[in-house]
Amino acid sequence: MTGSAAPEGDAATVRNERPLEKPRVGVSACLLGDEVRYDAGHKHDRYLSDVLADHFDFVRVCPEVEVGMGIPREAVRLVREADGDDGIRMRGVNSGTDHTDAMHRFARRRVAALGRLGLCGYILKKGSPSCGMERVRTYTTRGMPAPAASGLFAAELRRALPDLPLEEEKRLLDATLRESFIERVFAYSRVTGFFDGRWTVGSLVDFHSREKMLVSAHAPAAEKELGRLVASAKGRPRAEVAGEYRRIFLAALARPAPRRRHVNVLQHMLGHFRDVLDAPTRQALQATVEEYRQGLVPLVVPVTLLRHYVDLRSIAYLQRQTYLEPHPRELLLRNHV
Ligand code: SF4
């Protein structure tokens, strides 16, 4: 190593000093073990209660209980009685009792209240006529299978809070979807917290500079668009700048970050080591990025190595990048992608 640039020493970094707040996340109550299902059972998901509960401030909701359907209750299903999703009714499986209007009214009220609570994400029960995010079974009036839809409560969540990261518990079993959802929840929390605070154009420049590489891994064009927005923010109405930044930022993170884009970001980071690490060390880092590119090691390997040298050489610009730690390390999310 050349040791020619920033001083070595204390590993405490700007990045590590930044607190990771516990974002508030909505969840279908049965997934946390609440016995609220139609048969008085639950669908306890241990990953949520034993792992994510340490990092998320969960807000549990059972739409069917809260709307007054009781426990136990008759099971319901979605019936297509007219064209389009507006023609979907929620009916008791045996009695045909129509719960649609009550559920719509409840969902509008409850989702508005959840929006005011500052939710940063929502985990929904797969397949539920109320909570299912997508591909919920529907039936014709004769009881035959019809095209799938969203549950009524989930549809209202999507309509009223279109930027809110939503996921289903079963999809969280997939390492890529899990990492992406949790990254988006923390990003939502950061961007919302930033614009809810007393921000200035100067602090927006700083915020964007921290998020740059993370956004680039998802959507390089969006990162440039955000850069232009920040550069032209002075003198523009604040609400307009905030709304535009938030929308582009969240839409960018909602796109998957493919391996090749991670490789681009990692190589860009390597460029910052040109004058602070010797050639053999840089080549070793480059080799690790190449192993990641080939799928031989997971993302955590090059990121951990880079983070080590970033801290060791105190490269301030990189230390501040949320890309190096977009969610709590203990969740081990980058060990499997
Ligand atoms: S899926 Fe939704 S409505 Fe059904 S029991 Fe769970 S929380 Fe309640």
Side-chain angles (χ1 to χ4, degrees), residues 23-53 56-80 85 88-117 119-139 145-161 164-174 177-178 181 185:
R24 192 167 279 175
V25 171
V27 60
S28 297
C30 56
L31 294 174
L32 291 181
D34 293 5
E35 293 172 338
V36 290
R37 297 194 79 221
Y38 72 97
D39 58 1
H42 58 72
K43 283 286 177 184
H44 192 178
D45 185 306
R46 296 245 163 235
Y47 182 67
L48 270 57
S49 61
D50 297 357
V51 179
L52 291 185
F56 291 165
D57 177 11
F58 278 134
V59 178
R60 57 186 80 206
V61 180
C62 176
E64 292 178 19
V65 170
E66 291 189 29
V67 82
M69 289 163 68
I71 312 171
R73 59 186 173 274
E74 181 186 16
V76 290
R77 67 179 178 184
L78 300 180
V79 182
R80 289 187 178 274
D85 285 354
I88 294 176
R89 311 296 296 179
M90 176 185 275
R91 289 193 178 274
V93 168
N94 296 315
S95 68
T97 305
D98 191 345
H99 299 282
T100 319
D101 295 340
M103 182 57 82
H104 279 316
R105 277 195 302 275
F106 163 78
R108 276 196 294 273
R109 205 176 58 243
R110 189 65 160 111
V111 169
L114 288 169
R116 290 192 293 274
L117 273 184
L119 286 196
C120 296
Y122 209 110
I123 303 175
L124 292 153
K125 172 76 192 78
K126 178 185 161 63
S128 156
S130 299
C131 293
M133 182 175 83
E134 58 189 15
R135 291 194 289 274
V136 177
R137 287 183 191 162
T138 73
Y139 298 86
S150 298
L152 298 193
F153 184 76
E156 176 61 17
L157 267 178
R158 223 199 270 276
R159 188 198 66 76
L161 303 172
L164 190 72
L166 302 182
E167 227 0 311
E168 291 183 333
E169 88 289 3
K170 294 283 184 213
R171 284 167 48 96
L172 292 179
L173 295 172
D174 179 290
L177 296 176
R178 184 168 63 238
F181 172 70
V185 168

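Any value given below was found using the heavy atoms of this structure, including those in side chains, with hydrogens, waters and symmetry copies removed. Atoms within a ligand are numbered from 1 in the order they appear, just like the ligands themselves. Start at 1 with the first residue, then count along the sequence.
- When non-hydrogen atoms are compared, ligand 1 lies under 4.0 Å from the side chain of Lys125 (C-beta onward) but not from its backbone.
- Remark: Glu168 CD to Lys125 NZ distance equals 8.0 Å, nearest 0.5 Å.
- Residue contact annotation: Cys131 places an N/O/S atom under 2.8 Å from atom 2 (Fe) of ligand 1.
- Residue-ligand proximity, Ala29 to ligand 1, at heavy-atom distances under 4.0 Å covers atoms 7 (S).
- Close approach to Glu64 involves these atoms of ligand 1, each under 4.0 Å from a residue heavy atom: 3 (S).
- Pairing each heavy atom of Val136 with each of Gly151, the nearest pair is CG2-N, 3.7 Å.
- Val185 and Gly121 get closest at one heavy-atom pair: CG2-CA, 4.2 Å.
- Of all the atoms in ligand 1, the ones that sit under 4.0 Å from a non-hydrogen atom of Pro63 are 2 (Fe), 3 (S).
- With a 4.0 Å heavy-atom cut-off, ligand 1 is reached by no atom of Val65.
- Closest approach of Leu173 and Arg178 over heavy atoms only: O-NH1, 3.4 Å.
- Proximity to Ser128 (heavy-atom distance under 4.0 Å) selects the following atoms of ligand 1: 1 (S), 4 (Fe).
- With a 4.0 Å cut-off on non-hydrogen atoms, Cys62 touches ligand 1 through its backbone as well as its side chain.
- Proximity of Val65 to Arg73: side-chain heavy atoms (C-beta onward) are separated by under 4.5 Å at one or more points.
- Residue Arg73 touches ligand 1 through its side chain alone, judged by heavy-atom distances below 4.0 Å.
- Nearest heavy atom pair, residue His42 against residue Asp34, reads CB-O, 3.2 Å.
- Heavy atoms of Val61 approach ligand 1 to within less than 4.0 angstrom.
- Near Ser28, with a cut-off below 4.0 Å to any heavy atom, the atoms of ligand 1 are 7 (S).
- The heavy-atom pair separating Leu117 from Arg24 by the smallest distance is O-NH1, 3.1 Å.
- For atom 6 (Fe) of ligand 1, the nearest protein heavy atom (residue, atom name, distance) is Cys30 SG, 2.3 Å.
- Electrostatic pairing of Arg171 and Glu134 counts as a salt bridge here, judged by a charged N lying under 4.0 Å from a carboxylate O.
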